[in-house]
Amino acid sequence: MANPKNNAPVRRREPITDTQLLMTITICIFVCMYVLALLIWGGGFKKPQMIFDILNDNAFLIIVSCGLTIVMITGSIDISVGGVTALVAMVGVMILNGNLSLYNGLITALGLSESWRIVFALITALLIGLAFGTVQGFLIAHLQIQPFIITLAGMFFARGMITIVSVDPQKATQNLMDILQKRIEIPWLGSVNKRGVLIPAKMEIGVVVALVIVVLVFFLLRKTKLGRSFYAVGGNQQSALMLGVNVRRSRFMAHLISGLLSGIAGFVFMMHTGAGNATNATAAEMNAIASSIIGGTLLTGGVGNVVGTFFGVLTLNTIKSIVTTSGLRDPWWQSITTGAMLCFFILLQSVVLMRKNRKNGKK
Amino acid sequence: MKQKRFLANYSQLLIPLIAILLLVIFNLFRDPGFFSVGLSTNNNGDPVLQGNLISILNGASELVILSMGMTLVTAASGGQDISVGALAAIAGSVFVKVLKGGDITILTVLGAFLACCAVAMAFGAFNGSLVSFFKIQPMIATLILFTCGRSIAYWINGGATPTVASPILNALGSFIPGIPVPTPILIVILMGILFSLLFRFTTLGLYIQTVGINQSAARLNGINSVGIKLLSFILLGACCSVAGMIGVSRLGLINHETLLINIEMDAILAVAIGGNSLGGGKFKMLGSVLGAYAIQALTITLYAMKVPSTDVKAYKAVVIVLLVVMGSPVVKEWASRIWKKLTSKQEISVRKEAA
Amino acid sequence: MQDDIVMTMRGICKYFPGVKALDHVDFTLRRGTIHALMGENGAGKSTLIKVLTGVYPMDKGEIRIDGVDGPVVIHSPQEAQSFGISTVYQEITLCPNLTVAENMFIGRSQSRGVNWKAMEKRAGELLENLSIPARPKQQLGSCSLAVQQMVAIARAVDTECKVLILDEPTSSLDDKEVEMLFRLMRDLKARGVGIIFVTHFLEQVYAVSDQITVLRNGELVGEYLVKELPQVQLVEKMIGKDIEDLAVIKKNDPAADTHKEIFYAAKGLSSTESRPFDFHIAKGEVNGFTGLLGSGRSESVRAIFGADPVTGGSVQVNGKSTKIAKPLDAMKQGIGYLPEDRKRDGIIADLSVRDNIILALQVIRGMGHPISRAKAEAFADEYIKALNIKTASADTPIKSLSGGNQQKVIVARWLLTHPQYLILDEPTRGIDVGTKTEIQKLVLKLSEEEMSITFISSEIEEMLRTCSRLIVMRDRNTVGELTGEELTQERVMHTIAGGKD
């Protein structure tokens, strides 16, 4: 029945989707940038530890950005993530310190050892993240309130709660931090110092957590029905509804996952710093948005990838290292270059997508 | 008929008005003297007004001015500018930089203001051109300045936080000798008058709404929508410079890190609480202004209740969520459905009784 | 139930407050046929479709489907789909950012995972089977509109579909794309799918359908075989008695137009969307561009108004050369343009009727010269009365008006600018017959007042009634100009179809 004559001539080259295109650009630029830095300054950039340092410092940011990428793919936004991270870190530290009587009581009642505090801190972190995710998701998906306002309120609430929980900065007890701050040593990526001693590359546990989450979220977005429904909802909400996608559930789940990941990020943050402070993770939400954008996620929704986001975090922080290495030591240069970098990526994406769409429009 | 029209026109002001009213009632219950305004003399022997009401009106000045500009940007572009705080810091830095050089006279202050206004408008134009020419979402476009704006402000003054002291700046930031009303309030009134003149004698309001609602139709009716969006960002830039100037004058110094910190969030909130859609289109600037005062009233109320300033955010968040949930169309629909059910039940029971 | 019947609707009634939308309508669909559902706007076509797909519950009547015993009740589009009834709507309801394969399968599987390989393989087979020129891995947004439409159909067909409803699928496609779609429709027909084809285009009905059911004012006029119903009769059946009312409209004596002063003339005018063409219009003349949708008629008038970026050509207004590069230039020369797509390009949905009426005049006056509130109210009241616009008040947002009244507001917007030349692109699309007549009468009245008017309509009858000169377009080129005696339906059709005599 099919009429083979009518088949359009098949082009060999596989078509590339917007998501793949933007992600490829980011990875290419990151690689170019790093190679350039290697050629010009060599030194620190030659050591793999440079990358590991960036990862160690930003493991929490990677996790937060993964959540934000999901939310942005559905065409929504979550700016509570930084606040939740900070709140979780504060509460976590207080649990470790034994400053919360509820937990102290629990531990003595059950006759558990001090190390159990870590488990309690983790559970609490997940619960706080879930609570934020659930409430925000419900208000946004079911009551259809603008996500910006709701998550802004979420940020205010989380930041306010930090000081309500504790006015004074907290520092976790050393013996528990020793467990948390164990580093994984990778000898074959190490480097030899001036005295000829091999110093192995060191990676924190948080980085492993972050990498696992990147992989999990990648599979969620690529291989599950829920993940694909995020893209559908972000592409065109009305169409998604007509195609039989449960739009409300998708939007709710996106915010729920984002909240949960903020909780995990808070715990990772605490593992890294061991400090509870009102100014923890300041502007993390904006750094996460910037990372996602650099990684090729569009705020308009429907386009984005978590691998791109991962490279977005790396790019953003490599730039900062480059700025310090290049001798621009005045404090303002880091964020001015970051801004310029962001501007460059935003313009690049806008131009690339405009050109691509124009080409398609002309059939 | 006339009444109905009035209601339809101003119904969006209901939410901020209710918020303010609730706060007023709450405060009067808590402390009947909360709103009493007293006349006292300050250090210079000039009469000045004092009281919670004055500190609400005075403290909200920068927020009100920024929310005016934010309303225009929101309406025209359907997005928000998150760089207003950073832009105000840049404007403040320029203001101080110009004044730092020599004697501070009325003329140099005016010159400094013009300079910072020009710089802020230029940055506004930068944001605006990203949005209008390159069709980038406003929040993303302004994320750039949000990220690096305060550093630029720091850079302008070469890494210092210089102070400027002068009776003229004092007059700008607190009181003009002989006038008991704080000057920032007067500046807000002046800005209000300027904007209402702008709307009265130009068609800006109609154009902005048209562009915000239907860009394609706006173009076919001869409206330059790129220009209108750009203009709205430039006007917001001007608002930022005024807010920055007030902020600097209050303290007599520029601190790039803390000047009007987080105010962008409050300004966007003010627009939303004022009943304006964050998706653009129709707007009422008066709504945003009332929204801004409602936010400030809430803050002052919390302060008066001895809530530490760091904790205020959490309580504010709860009130905001309550407000937007009340205003959400879904909730309104639920409410009206329940109301209908209740009334129809009553009707049925009345009918049964009649039978 | 007879063997070849897949679906019957009997005595369907649907009432809305104060309106009988459907009054005892019957509809029968046979296996392997394309059945056109015809009627003017408001005839009840879309209501009937919505009853069938479960969007509206019906008030009376019964629906029977092949393979199901007894009458069925359909509560939702999902339920309709489970009975084998699929719908493809005018606006494409797919996600442009997903791949073709995903768009065909998303929201259908029960499992939690996505098996890309299997999905893409299945999609590839389906696309090849239906000769749809798209690849499974391609992003949907990179396909042309027609292909997107076909992907939507492929999705619908794949769900064990017995009844396929195509609701105005061709309105945004050009000729070639329509032909592609028709091929697909014939292919499906040969596979035994019953297709309900809703459209406004008479030509297309005759090109592809087997049967026609005509509705008018919510009532069934009848069911006919296409072979046995000539086009003129079909139009009569659709329009019914109203044809007499329309016949009252008499256009100006075309002979009188010949020695009139030329108002606007263009040579080699082209835009990014239109090929170069020559055009002129005299004062008081009513002319029209005709041709099928996508023939370039709208693009031509848009070029005149500067709605798309102008790329070349010279323009004279009132004998003086001028440049019209953007809409404002045209407006300043006294040209007005009522766009084809009212929702997208015409109305400012949230603004009041009053603001919508004064908009164009306001723009011409400039930013620094606002129209005072009192004057605006006077203008609005004047035109609401003059054009008989049905609105609660001048303060009502335009979006709450009916389509016909919205269109009148846009007409009022341009009349208020007192244009010398008014371009009306499909002013009668999607509005009720009464308003259509009013607008046609208005056109003739305005031309008597020395206004030049260019009129475009998909309905040739309408053009013949109002225009004294018709420019015929095909494939984005001017292929003929008809005046005087040549203005007959047959002749116009002939020229459009390309039968050069």
Side-chain angles (χ1 to χ4, degrees), chain A residues 72 77 79-80 83 87 135-136 139-140 142-165 167 278 283 286-287 289-290 292-293 298-300 316 330-347 349-351 353-354, chain B residues 79-80 82-83 86 126 130 133-141 143-156 158-159 256 262 264-266 268-269 271-273 277-279 307-325 327-331 334:
Chain A
M72 280 167 73
I77 189 83
I79 50 180
S80 72
L87 174 63
V135 173
Q136 292 180 160
L139 291 173
I140 291 164
H142 293 270
L143 297 193
Q144 293 168 25
I145 304 173
Q146 287 155 335
F148 189 91
I149 297 300
I150 288 301
T151 55
L152 177 66
M155 178 183 98
F156 282 168
F157 187 73
R159 291 266 175 214
M161 280 308 283
I162 296 175
T163 47
I164 291 176
V165 174
V167 184
M286 291 304 162
N287 278 331
I289 293 176
S292 299
I293 290 167
L298 298 185
L299 192 59
T300 37
L316 199 65
D330 285 321
W332 48 83
W333 286 117
Q334 269 202 4
S335 56
I336 289 182
T337 1
T338 310
M341 187 76 194
L342 200 57
C343 184
F344 168 74
F345 268 96
I346 290 170
L347 283 178
Q349 282 173 10
S350 150
V351 170
L353 286 188
M354 252 191 225
Chain B
Q80 288 74 39
I82 56 170
S83 70
F126 168 74
L130 284 181
F133 289 118
F134 291 95
K135 301 191 171 48
I136 297 166
Q137 282 213 342
M139 216 186 118
I140 301 279
L143 180 63
I144 298 169
L145 262 190
F146 175 90
T147 315
C148 64
R150 288 187 186 272
S151 289
I152 293 175
Y154 197 23
W155 179 36
I156 288 172
H256 63 104
N262 286 337
E264 49 276 341
M265 304 299 176
D266 277 348
I268 296 168
L269 263 183
V271 172
I273 292 177
S277 158
L278 293 188
V307 173
S309 65
T310 45
D311 300 359
V312 162
K313 282 181 202 150
Y315 299 99
K316 219 156 128 183
V318 174
V319 177
I320 290 163
V321 169
L322 286 179
L323 275 181
V324 288
V325 165
S328 134
V330 178
V331 174
W334 286 355

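Here is how names work: the chains are called A, B, and so on, in the same order as the sequence lines, proteins then strands, and each is numbered from 1. Side chains are part of it too, since the values below use all heavy atoms of this structure and drop only hydrogens, waters and symmetry mates.
By number of non-hydrogen pairs under 4.5 angstrom with chain A, the leading residue of S151(B), P308(B), G149(B) is S151(B). Note: I140(B) leads I140(B), I82(B), T147(B) in heavy-atom pairs under 4.5 Å with chain A. Of the listed residues (T300(A), I77(A), L139(A), T338(A)), the greatest number of heavy-atom pairs within a distance under 4.5 Å of chain B belongs to T300(A). Contact count against chain B (heavy-atom pairs under 4.5 Å) is highest for S335(A) among C343(A), S335(A), A278(A), P331(A). Contact count against chain A (heavy-atom pairs under 4.5 Å) is highest for L269(B) among L269(B), V321(B), V312(B), V318(B). Ranking M139(B), Q80(B), K135(B) against chain A, the residue ahead of the rest is M139(B), based on heavy-atom pairs under 4.5 Å. The most heavy-atom pairs under 4.5 Å with chain A, out of V307(B), N262(B), V325(B), L145(B), come from V325(B).
Between Y154(B) and W332(A), the ring-plane angle classifies as perpendicular under the 30° and 60° cut-offs.
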- [ ] Please assess H142(A) against V330(B) for the test side chain to side chain contact (heavy atoms under 4.5 Å, CB included), listing each intermediate value before the final yes or no.
- [x] CA-CA 8 Å; H142(A) 293 270; V330(B) 178; over 6 Å; no
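Heavy atoms of I273(B) lying under 4.5 Å from chain A are absent altogether. For a residue to count as touching a neighbouring chain, one of its non-hydrogen atoms must lie under 4.5 Å from one of that chain's; by this rule I346(A) touches chain B with backbone and side chain alike. With a threshold of 4.5 angstrom between heavy atoms, L298(A) does not approach chain B through any atom at all. Heavy atoms closer than 4.5 Å to chain A are found in both the backbone and the side chain of V324(B). Of the atoms belonging to L143(A), heavy atoms from both backbone and side chain fall under 4.5 Å from chain B. For I145(A), the part lying under 4.5 angstrom from a heavy atom of chain B is the side chain only. At a 4.5 Å heavy-atom cutoff, the contact between I320(B) and chain A is made by side-chain atoms alone. Looking at I136(B), the atoms closer than 4.5 Å to chain A (heavy atoms on both sides) all sit in the side chain, from C-beta outward. The contact between L130(B) and chain A is made entirely by side chain atoms (from C-beta outward), counting heavy-atom distances below 4.5 Å. For I336(A), the parts lying under 4.5 angstrom from a heavy atom of chain B are both the backbone and the side chain. Looking at F133(B), the atoms closer than 4.5 Å to chain A (heavy atoms on both sides) all sit in the backbone: N, CA, C or O. Of the two parts of I293(A), only the side chain, counted from C-beta on, holds a non-hydrogen atom closer than 4.5 Å to a non-hydrogen atom of chain B. Neither the backbone nor the side chain of T337(A) comes within less than 4.5 Å of any heavy atom in chain B.
Considering all non-hydrogen atoms of both residues, S80(A) and M155(A) come closest at CB-N, 3.7 Å. The shortest non-hydrogen separation linking C148(B) to G339(A) is SG-CA, 3.9 Å.
Distance check: F344(A) CZ to L347(A) CG gives 9.0 Å after rounding to the nearest 0.5 Å. One finds the CZ atom of F157(A) at 14.0 Å from the CG atom of L152(A) (value rounded to the nearest 0.5 Å). Taking CG from L278(B) and CZ from F148(A), the interatomic distance works out to 8.0 Å, rounded to the nearest 0.5 Å. The CE atom of M161(A) sits 6.5 Å away from the CG atom of L87(A) when rounded to the nearest 0.5 Å. Taken to the nearest 0.5 Å, the CD1 atom of I150(A) stands 11.0 Å off from the CD1 atom of I79(A). The distance from the CG atom of L342(A) to the CD1 atom of I144(B) is 5.5 Å, given to the nearest 0.5 Å.
Side-chain atoms of I164(A) and Y315(B), non-hydrogen and from C-beta on, do get closer than 4.5 Å to each other.
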